[in-house]
Every structure is written in structure tokens, then in C-alpha cells.
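In what follows, every chain begins at residue 1, and chains take the letters A, B, ... in the order their sequences are listed.
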2 protein chains.
Amino acid sequence: MHEAMGKHYDEEYLQLIKEHGVRPTANRILVARALGRAGRPTSQKELEDILKTLDKSSISRCLTLFKAHHLVHVLEDGSEAVRYELCWSYSCQTDDDLHVHFYCEVCGRTFCMSDIPIPLVRLPEDYTLHSVNYMAKGVCASCRNKN
Amino acid sequence: MHEAMGKHYDEEYLQLIKEHGVRPTANRILVARALGRAGRPTSQKELEDILKTLDKSSISRCLTLFKAHHLVHVLEDGSEAVRYELCWSYSCQTDDDLHVHFYCEVCGRTFCMSDIPIPLVRLPEDYTLHSVNYMAKGVCASCRNKN
DNA sequence: ATCTTTTTGCAACCCGGTTGCAAATACAGT
DNA sequence: ACTGTATTTGCAACCGGGTTGCAAAAAGAT
């Protein structure tokens, strides 16, 4: 695992990109940094709102590239939007996330329960398992306390 | 639980619809039956292909209604399409499915592992849990054997 | 049978996302 | 640094899945 979210220097985003064999263009660094600073799984739409100077097609292409090079994890949270999450582990080859996620039905945010690993189940013999998405839904702490 | 999928009489679909307080129109029975006969979680698009005589807006409205009346479970399988699954349990109030699902990355089908319940995790105190989506991904038995 | 309410199909629209293309930028070789 | 090649970018047009406004059709009530 890595240190807490949102505490990375620009240098580190550059490094992260290079390490995955992706050419570190200005846009790509911006997208990676936006993902990192968000601190939680982020949809393309949200990135467009954050990075107003970039065209949505550029962001789309960045994400596609990051996906292909395993720089991000991809997950669906039930809000029919795909979300992306930076992956700081160098050798991670799965596209999904390995920990539990929580989708708040009130505020629409998705949280990483980074310290709760996904409990695995036993599948029938002839199924090959590649990855698992575990999405819990309900009301998050801050929304709950607001009422 | 209920008997095996795809063995329901038309009468039963009618019953199911009525039991949930929905007026059983011809279209609604068709949609419910299509869902039931599919025997696995089905996307709106797939339903449109099956029910060529119905307009997609009619199907959309059926599904919205079924959702509101807890007649179907809703789940996302990672193919950016929402899938619907008939729920035969009368008093089920959750929108999600309670068992594990498996998405085959080769054929794109989603399978219900009806007999594998979702293992629950312990969330932080102040999170309220409503439901859980457990989606395993990989290669299904028949796709694996084809190679 | 007539009036009222609900449901339906069509077309138009919406939203998130992708793609074709030409301009801009970065890179390589000399 | 200069020129030629490859990559990246922004724009606009497009795409797919889905929803909505509206008028016609069907169902229900009196």
C-alpha cells in the first residue's frame, strides 16, 4: 500500500506515468494528478469539471491509455458511470480494485474502504476468476450525520 | 428461493406483477416473461432485441416501474449496461441482488451464482449499509471449454 | 355509451463518451 | 538549429443507450 491519498508531489505523478511505459505529456500529468488529488474513484465527467482547460476527448484518451497500461483501476458504482482510481502499486495487472468500495446513495460519492479486502468466494471448478468488484451501497458517515 | 429459472407459466408472471401492486398490462407481462425466460440478468438492449414489437420507450417504462415496485433486481456487470433480473421473492425490498454474479469477459453474459451468497464485510460504525453488489469477472465454463 | 384515466408508440431529445480529421506539438537525425 | 516524421491535441461531428413530451389508443369507471 501507499501513503495517504492526496499527498503526492507532481514529481511522483510523472514517475508513475513513466514507470508504466506511458509518455508523460502535460495533459496526462494533469489527469493523473486530478485523479490522485480527488482521493476517491472519479468519473470522466468529474474530471472534465475539474480540468476545464482540457477537452473531454483528451481526457477520454488519457483514461483509455491509463487503463491499457494498468495505471488506473476501473470500477462501476451503480450510478451508471465508470470510475477511475489511480493505482500506485507498480506491478498491479488487474483492472479492478482489490478492496471494498462504498457508494453513498445520498451524495453519490464512492469511497474506497482501502483497508477492507474483498472476501473471496469459491466458484464452480470450471470458472476462471480474473477479478472481483465489491460495491456496498447505503448512506455514508457524513450524509448520515447531516440529518 | 424458487424453482429453476425459465419454468414459469404465463399465469405466474401475471401473478407476480399483480402481487407487487402493478397493473398487469400486455406489455408488462411480455417484459416480465422475457426477463424470466432469459434466465439470467438482462439489459434493456437485450430486451429490445427479444421484444421487437415493443418500443424501447415502453420497455424503459416497464423496467422503471418494475424497479420502483421491487419486482426486479438491478445490477451492473462492468459492461456499462445495467441488467435486470426478476425477483420471485414476494417481500424482497432491496434493489440489488443478494447472491454473487459472474461476468464472462469472453461472451459478455452475466451468470447468477444463485447458491453463493455474498460474504458480508464489516463497515465502519457510521456507514449505513443498504445492499451489496458482488461481481466476479473472468471466463465462464463454456467459453473456457471452447478453446 | 360516454367520460376519465392510464398506457403506448413515435419522434425528438439528452447525456456521457468516442472518433475522424486537421492543426499543433514533440521527437529524431543530420 | 532545421527539417522531416510521429505523436498528441482540440474541435466538431457522431454514436449508443436511454428518457421524455405529446397525441393517439386502450382500459376502467359511471
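Between the OG1 atom of T64(A) and the OH atom of Y84(A) there is a distance of 6.5 Å, given to the nearest 0.5 Å. Summarising the geometry, atom NE2 belonging to H73(B) is positioned 14.0 Å from atom CZ belonging to F66(B); distances are rounded to the nearest 0.5 Å. With values rounded to the nearest 0.5 angstrom, R122(A) atom CZ is found 12.5 Å from L129(A) atom CG.
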Short N/O separations, protein against nucleotides 19-26 of chain C, under 3.5 angstrom:
none

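One finds a side-chain N or O of S58(B) lying less than 4.0 angstrom from the OP1 or OP2 phosphate oxygen of dG9(C). Contact check, T25(B) against dA26(D): no side-chain N or O comes under 4.0 Å of OP1 or OP2. Phosphate contact (OP1/OP2 of dC15(C), side-chain N/O of Q44(A), threshold under 4.0 Å): absent.
Under the side chain to side chain contact (heavy atoms under 4.5 Å, CB included) criterion, T128(B) pairs with V139(A), R144(A), H130(B), sequence neighbours left out. With sequence neighbours excluded, the residues satisfying side chain to side chain contact (heavy atoms under 4.5 Å, CB included) with S43(B) are K45(B), E46(B), A81(B), R83(B). Applying the salt bridge (Lys or Arg N to Asp or Glu O under 4.0 Å) test to R61(A) and every residue at least two apart in sequence or in another chain returns nothing. Looking at residues two or more places apart in sequence or on another chain, you find no side-chain hydrogen bond (donor to acceptor under 3.5 Å, both in side chains) involving D49(B). With sequence neighbours excluded, the residues satisfying side chain to side chain contact (heavy atoms under 4.5 Å, CB included) with P119(B) are P119(A), V121(A), Y134(B). Legend: residues meeting side chain to side chain contact (heavy atoms under 4.5 Å, CB included) with A38(B), ordered by chain and number and at least two apart, are T42(B). Considering only residues two or more places apart in sequence or on other chains, D126(B) meets the side-chain hydrogen bond (donor to acceptor under 3.5 Å, both in side chains) condition with none of them.
In the model, Q15(A) has no side-chain atom that pairs as donor or acceptor with a side-chain atom of E11(A) under 3.5 Å.
In the helix from dA1(C)-dT30(D) to dT30(C)-dA1(D), the rotation axis of the first five pairs and that of the last five pairs differ in direction by 30°, rounded to 10 degrees.
Less than 4.0 Å separates DNA chain D from at least one heavy atom of each of the following residues of residues 26-34 of chain A: N27(A), R28(A). Using a 4.0 Å cut-off on heavy atoms, the residues of residues 45-54 of chain A that approach DNA chain C are K45(A), listed by number.
Atom CZ of F66(A) is separated from atom C1' of dT8(D) by 13 Å (rounded to the nearest Å). Rounded to a whole Å, the CD1 atom of I59(B) is 17 Å from the P atom of dT7(C). The separation between L65(B) atom CG and dT7(C) atom P is 7 Å, rounded to whole Å.
F102(A) and Y127(B) have perpendicular rings, their planes meeting at more than 60° on a 0 to 90° scale where under 30° would count as parallel.
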Tell me which donor-acceptor pairs under 3.5 Å the side chains of residues 21-32 of chain B have, and how far apart each pair is, sequence neighbours excluded?
unit_1	atom_1	unit_2	atom_2	d
T25(B)	OG1	R28(B)	N	3.3
R28(B)	NH1	R23(B)	O	2.8

